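First the proteins, then the strands, lettered A, B, ... as listed; each starts at 1. The shown structure was predicted, so the numbers you read here are calculated from the model rather than taken from an experiment.
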Amino acid sequence: LNHRNIPLFSLIGLCVFSASAFSFSCEELLFYPAQPLSLSLSLSAKSETVEKVCTIVRKQLALPEDSAVTGESKFVALGADSLDTVEIVMALEEEFGISVEEESAQSITTVQDAADLIEKLVEKNGA
Amino acid sequence: MFSFLRQSTFTMKVHCFERKFCVSSSSLVPLPLPSRMETHFWYILPDEVKSSSLLNQYLDLLSPCEKENVFRMHGDRLKKRAILARALVRTTIARYQINSEVSPRSLKFRKNIHGKPEVEWQLDDDWRPPPLHFNISHTSSLIACGVTMDSLIGIDVEEKQRTIKNNILSFAQRYFSHHEVELLTSISDTEVQRQEFLKLWTLKEAYVKALGRGFSGAPFKTFTIRYGGAISGNVNSEASQIVVESCDDSTSHTSNWEFTLLELSSHYAAICTEKDNNAFEGGTLFLWNKII
């Protein structure tokens, strides 16, 4: 289930359905601010993005499946040199359909940096 | 041990030496500072460092900040490489007859505004620091440090056997200049293409590192590395000019830069230095292999 692709109104519909089990009234839920919903949406998307970045990084650096690669991991600390970093950026461009400028690429030092940049660029594409 | 692949000037002389990798200043055989015509290229092979007590001695030379960086590295191999890279820089620079205050441990470093490391000399009223420049590069099996006097320097080393995970032509189309893409496209043998790609990468990387402005300061697409024709009268057919050209204005050669490309212990090594326009002859490259 890709959170990004589900229109917001149908998600609210789902919540209304499950809300009745918790004795919320339909009107109350519909007027709840969208913020909590979108917050959880963006958190999930980020962790999914982080996971994809980790996979690409592991592949580029030929790291074993069980090696510790998380959002905090610095590329340099994982053994990436400049060619690895550029290769990773290129793989991310292809995976997410984005274009990363040199200034942005240079500022990426961790997996989380890459994931955050991807989110920003994907959102810009979608706008 | 090494061979020239390409050299900028046919008169470049090369001297190869082996020097012991020493920890304390007292056992460092002092060297005079390089002349403006010289490039010193120091390198070590991490696999030759087997003693963990020696590694600890090298670790001891590092600043607290450098030690922190070492411990952040994942795994012993990367930690070892990080220790050796910093130890190489410190012992190399301290070896030159700078002054009696300078030792491998006492040296301080900082980064310029673009992130390029440089020496932070401890200034004294009576003393002016030498215009010494250095640049490091490392792979898992070779760590190198280039040193020049009064000239910007950038170096890059890559393992010859290194595989490219992306499609080479796609990568080149994304990041390299039009001329370089044409060059690579014209090579039908995939292995030769991979090798030529790596050579171009090391040369471009060395140039950007010499400029010291970071990857975005001189995006790879904005300049071309071109292999010019052989210099007339030169016996060695391998030697041909390597030049860098700005893509914006193909008629202007950025002629201030000198390139050297060599094969060294199963690596490609590219060295880029500022040319001394007053010099009629090529400079001298000193290759120092630090052995344990």
Quick check on T139(B) against chain A: is it the side chain, the backbone, both or neither that has a heavy atom closer than 4.5 Å?
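When you check distances to chain A, no heavy atom of T139(B) falls under 4.5 Å.
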Taking 4.5 Å as the heavy-atom cut-off, does anything in residues 67-78 of chain B contact chain A, and if so which residues?
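Near chain A, by residue number: R72(B), M73(B), H74(B), L78(B).
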For each of K221(B), R174(B), R162(B), tally heavy-atom pairs with chain A at distances under 4.5 Å, and name the one with the top tally.
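Sorted descending by pairs with chain A, the first entry is R162(B).
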No-hydrogen, no-angle side-chain donor-acceptor test under 3.5 Å, H178(B) and E182(B)
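Note: H178(B) and E182(B) side chains meet the donor-acceptor criterion.
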Would you tell me whether S266(B) and E159(B) have side-chain atoms, one donor and one acceptor, within less than 3.5 Å of each other?
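No, no side-chain donor-acceptor contact under 3.5 Å.
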For D113(A) and T110(A), indicate whether the former's side chain and the latter's backbone hold a donor-acceptor pair under 3.5 Å.
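It does hold such a pair.
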Salt bridge or not between E123(A) and K120(A)? Use side-chain N to carboxylate O under 4.0 Å.
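Judged by the 4.0 Å cut-off on N to carboxylate O distance, E123(A) and K120(A) do not form a salt bridge.
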Results of side-chain contact (heavy atoms from CB on, under 4.5 Å) for L211(B) - residues two or more places apart only
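side-chain contact (heavy atoms from CB on, under 4.5 Å) list for L211(B), sorted by chain: Y207(B), R213(B), A218(B), W257(B).
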Rounded distance [0.5 Å steps], CD1 in I93(B) versus NE2 in H133(B)
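If I round to the nearest 0.5 Å, the distance is 11.0 Å.
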Surrounding CD of E65(A) (heavy atoms of other residues, nucleotides or ligands, distance under 6.0 Å), is the total greater than 12?
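Check fails, neighbour count at 12 or below.
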As an exercise: rank K74(A), Q106(A), K59(A), E101(A) by heavy-atom pairs under 4.5 Å with chain B and give me the winner.
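With the most close heavy-atom pairs to chain B, the winner is Q106(A).
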